[in-house]
Participant: 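Structure below; questions to follow.
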Amino acid sequence: MKRLIMPFFSAGCLFLAAGAAAQQKTAATAQSSNVASAGVTQSSNTVQADAVIGPQKGALIIVGGGKVGPEIWARFIELAGGPNANIVVIPTAGEDSALATGKSFEKELLQDLGVAQVTVLHTRDLKVANTESFVAPLKKATGIWFPGGRQWKIADAYLHTLAEKEIKAVLTRGGVIGGTSAGATIQGSFLLRGDTKGNGILEGDHVQGLDLIHHTAIDQHILRRNRQFDLVGVIKAHPDLLGIGIDESTAIVVQKDTFEVVGNSYVAIYDIAHINEKQKSPTGEYSTDGPFYFLGRGQRFDLQQRKVITTANRSAAVNAPRLSNDH
C-alpha cells in the first residue's frame, strides 16, 4: 500500500514537511426528514440572520469525489495540524461489506503522509453514538474525514446525538472537517440525494445535513456524472439555499464566509438571484449566460454576499483547468 501511494502523494508530503436495527433506522429517518423539512421552510426568513455562513472557527474541505489529489490532502493535513494532527476517519457512509473488512484506505494513506495519530470511528446505532465512550476520540481530534458512500447513512447514525455535537466541536477548537462525495454533501444544511431508495432522487426521505455550512445544498461529481443541471430545480424550489456543485478531484476550502477552489476541475454556483435575473456571468469571463456559473482553481467566493471575490490578476488556471488526473 505504501509503495503505491507514496509516489502519487509525494508533492503533498513535501508540502507538509515544514449495525443499527431497522426500527432505529426508521425512527431516525422520520426524525431527520421532519426536522429538516421544518428547517427548510423556515430558513428563507433567516438566510441573512447568520453572522457567518461557514464555520466561525476552523475550516471545511468539501471534495466533489473521484481521486483526491495531493494538493487537497496537503491542505487538509496542514489545517489539521500537520504531522502532529489527530485525525478521525468516519466511514459510516460506506457499505457494510466494505466496513466489515476492517481496512481503511484513508487511514493508511494519512499515515503514509506522515500523520501518526489516525482513528477510525463508526457505528450505525444512535444509542452508541450518544455515549461518552464512543465520542472520546472526537474530543481529541484536530481533523475529521468523511469518505464517500451514501450520505443518509451518516445522517441516520449521528444527527441529534452526542457524536454530532463533538464533530462540530472540532471546528470550535479550530480544527478541520473534510469529506468527499457523500462526505461533501453531508456538510451542507440541505441533504441533497438523501433518499434511501437511490441517489437519483434529489429531495428524498432525508433532507437534513450536518449544517456545517448554512443555507446550502451541496452536490458532487457534477461534470463527471453529467449532474450540472440538477441543482437548478432544487434552488427554484428552495430559493433561500445556495447551491454548490463540485466536480471530481476538486474541492472548496471554507473558512468563515469565504471559500477557495482547489483541485483540477470546476465548482458551479446556483443562486436564485442569478437564475431569476439572468445576469451575465459574475466571473466576467464569458459573454453568455445560464442558470449557474463556474469557478476554477484559485478563485474565491463570498458566501454571505454570494459574490465572486475578484482579483486584479486572474490565474490562467481558471480559464484552462486541468481536467485530467494524468497531468
Side-chain angles (χ1 to χ4, degrees), residues 19-20 22 24-26 28-37 39-40 60-68 89-100 105-106 122 124 145-159 177-213 215-238 241-252 263 265-270 291-292:
Q24 291 172 319
K25 285 185 178 180
T26 301
T29 299
Q31 182 184 35
S32 296
S33 181
N34 292 339
V35 173
S37 297
V40 168
L60 307 174
I61 293 188
I62 306 177
V63 189
K67 292 182 179 179
V68 182
V89 176
I90 302 179
T92 303
E95 295 295 329
D96 289 337
S97 57
L99 295 173
F105 167 81
E106 292 77 15
H122 165 69
R124 298 209 188 283
W145 185 265
F146 287 99
R150 293 303 312 279
Q151 46 265 36
W152 62 264
K153 294 181 180 181
I154 303 173
D156 267 2
Y158 304 121
L159 284 182
I177 295 177
T180 184
S181 193
T185 297
I186 193 64
Q187 297 187 51
S189 59
F190 182 93
L191 194 66
L192 196 72
R193 304 185 192 278
D195 196 279
T196 53
K197 294 184 290 297
N199 62 13
I201 301 172
L202 300 181
E203 185 172 350
D205 52 23
H206 291 63
V207 291
Q208 183 182 10
L210 287 173
D211 194 25
L212 305 180
I213 175 171
H215 313 301
T216 58
I218 300 170
D219 204 2
Q220 3 84 3
H221 307 278
I222 62 161
L223 294 176
R224 178 64 176 168
R225 299 186 183 180
N226 199 29
R227 293 175 168 181
Q228 59 267 31
F229 287 93
D230 288 0
L231 267 169
V232 175
V234 175
I235 299 307
K236 286 182 177 179
H238 303 286
L241 296 174
L242 176 71
I244 304 174
I246 309 172
D247 196 28
E248 293 188 359
S249 302
T250 307
I252 59 173
S265 188
Y266 290 106
V267 171
I269 300 296
Y270 305 78
F292 55 88

Participant: How many angstroms lie between atom CG of Leu202 and atom CG of Leu231, to the nearest 0.5 angstrom?
Facilitator: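 Interatomic distance, Leu202 CG to Leu231 CG, rounded to 0.5 Å: 7.5 Å.
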Participant: Quick one: list whatever passes side-chain hydrogen bond (donor to acceptor under 3.5 Å, both in side chains) with Asn199, sequence neighbours left out.
Facilitator: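 With sequence neighbours excluded, Asn199 shows a side-chain hydrogen bond (donor to acceptor under 3.5 Å, both in side chains) to no residue whatsoever.
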Participant: Distance check, rounded to the nearest 0.5 Å: His215 atom NE2 versus His238 atom NE2?
Facilitator: 14.5 Å
Participant: For Tyr158, what residues pass the side-chain hydrogen bond (donor to acceptor under 3.5 Å, both in side chains) criterion, not counting sequence neighbours?
Facilitator: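 For Tyr158, the residues satisfying side-chain hydrogen bond (donor to acceptor under 3.5 Å, both in side chains) (neighbours in sequence not counted) are Thr92.
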Participant: Going by heavy atoms in the side chains, are Leu191 and Ile186 under 4.5 Å from each other?
Facilitator: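 In short, these two side chains touch, coming nearer than 4.5 Å.
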Participant: Applying salt bridge (charged side-chain N to carboxylate O under 4.0 Å, His left out), can you list everything that pairs with Asp230, at least two apart in sequence or on another chain?
Facilitator: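 Expected list: Arg193.
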Participant: Can you tell me how far CD1 of Ile213 sits from CG of Leu60, rounded to the nearest 0.5 angstrom?
Facilitator: 6.5 Å
Participant: Please report the closest heavy-atom contact between Thr180 and Gly64, naming both atoms and the distance.
Facilitator: OG1-C, 4.4 Å
Participant: Checking Thr185 now: which residues fulfil side-chain hydrogen bond (donor to acceptor under 3.5 Å, both in side chains) with it, not counting sequence neighbours?
Facilitator: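 Partners of Thr185 by the side-chain hydrogen bond (donor to acceptor under 3.5 Å, both in side chains) criterion, ordered by chain and then number, come out as Gln220.
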Participant: Mind listing the closest non-hydrogen atom pair of Pro147 and Ala93 along with its distance?
Facilitator: O-CB, 3.9 Å
Participant: For a quick test of reading the model, state the closest non-hydrogen atom pair linking Thr216 to Gly188 and the distance between them.
Facilitator: OG1-CA, 3.5 Å
Participant: Roughly how far, to the nearest 0.5 Å, is the NE2 atom of His221 from the CZ atom of Arg224?
Facilitator: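 Atom-to-atom, Arg224:CZ and His221:NE2 are 10.5 Å apart.
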Participant: What is the distance from atom CD of Gln187 to atom CD1 of Ile177, rounded to the nearest 0.5 Å?
Facilitator: 6.5 Å
Participant: Ile235 versus Phe190: any side-chain heavy-atom pair under 4.5 Å?
Facilitator: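 The answer is no; the side chains never approach within 4.5 Å.
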Participant: Taking side chain to side chain contact (heavy atoms under 4.5 Å, CB included) as the test, write out the residues that go with Ala268, two or more places apart.
Facilitator: Ile222, Tyr270, Phe292, Phe294
Participant: Which heavy atom of Asp247 sits nearest to which heavy atom of Ser265, and what is that distance?
Facilitator: OD2-OG, 2.7 Å
Participant: Gln228: which residues meet the side-chain hydrogen bond (donor to acceptor under 3.5 Å, both in side chains) condition with it, sequence neighbours left out?
Facilitator: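 Testing Gln228 for side-chain hydrogen bond (donor to acceptor under 3.5 Å, both in side chains), a comparison that skips the adjacent residues, returns Asn226.
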Participant: Compare every heavy atom of Ser249 with every heavy atom of Lys67, then report the nearest pair and how far apart it is.
Facilitator: O-OG, 2.8 Å
Participant: Is there a donor-acceptor contact under 3.5 Å from the side chain of Thr250 to the main chain of Gly263?
Facilitator: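 Not confirmed, Thr250 side chain does not pair with Gly263 backbone.
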Participant: If you measure from CD1 on Ile246 to CD1 on Ile252, what distance do you get to the nearest 0.5 Å?
Facilitator: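 One finds 4.5 Å between CD1 of Ile246 and CD1 of Ile252.
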Participant: Work out which heavy atom in Ala184 is nearest to a heavy atom in Val63; give both atom names and the distance.
Facilitator: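 So the minimum-distance heavy-atom pair works out to CB-O, 3.2 Å.
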Participant: Hydrogens and angles aside, do Thr196 and His206 bring a side-chain donor and acceptor to less than 3.5 Å of each other?
Facilitator: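 Not at all, the side chains of Thr196 and His206 share no donor-acceptor pair under 3.5 Å.
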Participant: Side-chain contact test, heavy atoms from C-beta onward, threshold under 4.5 Å: evaluate it for Leu99 versus Arg124 and give yes or no.
Facilitator: yes
